[in-house]
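All remarks here apply to the structure that follows.
Letters A, B, ... are given to chains in the order of the sequence lines, protein chains preceding strands, and every chain is numbered from 1. Atoms considered below: every heavy atom in the structure, side chains included; atoms not considered: hydrogens, waters and symmetry mates.
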There are 2 protein chains.
Amino acid sequence: MPGKGTRVQKKTRGQYHHGNLREALIDAGLKLIARFGVRALTLREIGSQLGVSRMAAYRHFTDKAALLSAIREAGFTLFAEALEDARHKAGKAAAAQLKAMALAYVRFAATHPAYIEVMFSWGEDRSEESRKPNPAGARAFGILEETIRQGQASGEIRAGNSTLLARVVWAQVHGISMLRLATDLSPSGEGQKFVQFSSAILESGLLLNE
Amino acid sequence: MPGKGTRVQKKTRGQYHHGNLREALIDAGLKLIARFGVRALTLREIGSQLGVSRMAAYRHFTDKAALLSAIREAGFTLFAEALEDARHKAGKAAAAQLKAMALAYVRFAATHPAYIEVMFSWGEDRSEESRKPNPAGARAFGILEETIRQGQASGEIRAGNSTLLARVVWAQVHGISMLRLATDLSPSGEGQKFVQFSSAILESGLLLNE
DNA sequence: ACCTGAACACCGTTCAAGT
DNA sequence: ACCTGAACACCGTTCAAGT
C-alpha cells in the first residue's frame with residue numbers, strides 16, 4: 001500500500017471512475033452474471049473487481065435489489081437493440097421481420113442465458129418495485145407490436161387487437177427460449193428449423209390467406 | 001427441555017417421522033417456497049419447522065441442491081397430475097383436451113408461481129446434475145404429446161412430427177405462464193379469454209380444416 | 001438415523017469515523 | 001463521492017463427538 005493519501009494516488013483513483021461509478025457497477029455486474037451466473041453477483045465481488053470498497057455501491061443504489069434492477073434494465077436495452085437490429089435487416093415484409101425477430105429473440109436467450117434469467121426472474125423481489133413495468137422491456141415488446149401493426153396496415157396480417165396478437169407471438173418465442181427448445185442455432189441447425197416450424201404454424205393463424 | 005433422553009421422548013420424536021423424514025423435508029420445503037418464495041428455503045428453517053436439527057437433511061440429501069432437485073421433482077408430479085386431471089375432464093375431442101390442458105397449465109403457474117420458479121429455474125445448478133431430463137417433467141410433457149398423437153390418429157390434428165407439434169403448444173402455454181400474460185383466470189376473466197384467443201390462433205395452424 | 005455444538009468461509013447491511 | 005474497519009444477523013457446509 002504505497003503513498004496513502006497523496007494527491008497522485010487520489011487523482012488516479014478518482015479519474016478511473018470519474019463520476020460514472022454507477023455505470024461501472026452495472027457493467028461489472030452484467031459481466032459477472034454472464035460469466036458465473038446470478039449467484040456470483042455479490043457486492044463484495046463487484047467492489048473488488050472495480051477496485052472500490054464493497055460499500056461504494058450504496059452511494060448509487062439503496063440496495064442490492066436496486067442494483068439488480070438496473071442490471072435488468074441494461075439487459076433489456078441490449079435485448080431491444082438486438083430485436084431492432086434483426087428487424088431492420090429483414091426487409092419490408094412483416095412475415096420476414098417477425099421471423100427474423102423470433103430468431104433474434106431465441107438467439108439472445110441462448111447466447112446470454114444469464115441476462116435472460118435476471119430480466120425475467122420472478123421471485124426475488126417479492127411484492128417490491130420489481131412489479132413496475134420495466135421501460136426497456138416495454139420498448140422491446142413495443143417493437144414487436146409495431147411490426148404487427150405495420151403488417152396489418154399493409155394487409156399482410158389479419159385484423160384484430162394488435163396487442164393481443166403481439167402477445168401470442170411473444171409468448172411463443174419466449175416459451176421456446178425458456179424451455180431451451182432451440183439451442184443449436186447455427187445455420188441450418190436444429191434450433192433454426194424449430195423456430196421456423198413454429199413460426200409457420202403461428203403464421204397460418206396470423207397471416208391473411210392470400 | 002424436559003426429560004432429556006427418556007424412552008418416551010425419544011420414541012415420540014422418532015415416531016413423528018418414522019422413517020419418512022425425506023418426504024417431510026420435501027413437503028416442508030414445498031410449503032416454505034409456496035408461502036415465502038425460494039429465498040426462504042434454508043436448511044435451518046426447514047429443520048426448525050420439522051423439529052429436527054439443521055443437519056438432519058444431510059442424512060437424506062448430499063446437498064441443498066439435491067434437496068431442491070427433489071422438490072422440483074415433487075412439483076412436476078403435482079403439475080403432471082393437474083394436466084392429466086384437466087385432460088380427463090375435457091371429453092374426447094383433442095381440441096377440447098388441448099384447450100383444457102392449456103388452461104390448466106397457465107392456472108397452475110398462476111396458482112403456484114413458486115413451484116414453477118423452482119421447476120423451471122435456470123442458473124443455480126450450473127453444469128451440474130440439473131441438466132438431467134427430469135422424469136416427472138418428461139411425464140408432464142408426455143401427456144401433451146400423447147394428446148397430439150391421439151388427435152392425429154382420430155384425424156383431428158394434421159399429420160407431422162408429434163413431438164415438434166407438442167413442443168409448439170408447450171412453448172405457447174409456457175410463454176403465457178412465464179410472462180404472466182393471463183393472470184385473471186376467473187370464469188370469463190381476461191386470462192381465460194387470452195388463453196382461448198391464443199389457442200384459437202394456434203389451432204388454425206394445428207388442426208385439420210374440415 | 002438422528003442429535004448438539006463449534007467452526008469456517010461466505011453473504012447483505014448498518015454504523016461510526018474518516019478524506 | 002468515496003474510503004476503512006468493525007459489527008450484526010444471516011447463510012451452507014464440515015467436523016467431532018454423541019445416542
Quiz item: With the sugar-phosphate defined as primed atoms, P, OP1 and OP2, and the base as all remaining atoms, what B/S/- string results for nucleotides 5-12 of chain C, 5' to 3', for protein heavy atoms under 4.0 Å?
Solution: -B----BB
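Atom P of C:dA1 sits at a distance of 22 Å from the matching atom of D:dA16, rounded to the whole Å. Taking atom C1' in both C:dC10 and D:dA7, the straight-line distance is 16 Å, to the nearest Å.
No donor-acceptor contact under 3.5 angstrom links the side chains of A:Q192 and A:S186, judged on distance only.
Screening residues 86-113 of chain B for salt bridge (charged side-chain N to carboxylate O under 4.0 Å, His left out), with sequence neighbours left out, gives B:D85-B:K89, B:K99-B:E203.
When base pairs are accepted only as Watson-Crick or G-U wobble with both N-N or N-O distances under 3.5 Å, DNA chain C takes part in stems of 3 or more pairs at C:4-8 with D:12-16, C:12-16 with D:4-8.
With sequence neighbours excluded, no residue forms a ring pair (Phe, Tyr, Trp, His ring centres under 6.0 Å) with B:F197. The side-chain contact (heavy atoms from CB on, under 4.5 Å) test applied to B:A74 returns B:I26, B:L30, not counting sequence neighbours. Under the rule for a side-chain contact (heavy atoms from CB on, under 4.5 Å), the partners of B:S177 that lie at least two apart in sequence or sit in another chain are B:Y105, B:V106, B:A109.
The distance from atom CZ of B:F61 to atom P of C:dA1 is 13 Å, rounded to the nearest whole Å. Whole-Å rounding puts the A:R59 CZ to D:dC3 P distance at 10 Å. Rounded to whole angstrom, the span from the CG atom of A:L25 across to the P atom of D:dA1 amounts to 14 Å.
Aromatic rings of B:F120 and B:F76 (six-membered ring for Trp) have centroids within the 6.0 Å cut-off, being under it.
Residues A:H112 and A:E117 have side chains not in contact (no heavy-atom distance under 4.5 Å, counting atoms from C-beta outward).
Taking a 6.0 Å sphere around CD of A:E190, one finds it holds 12 or fewer heavy atoms contributed by other residues, nucleotides or ligands.
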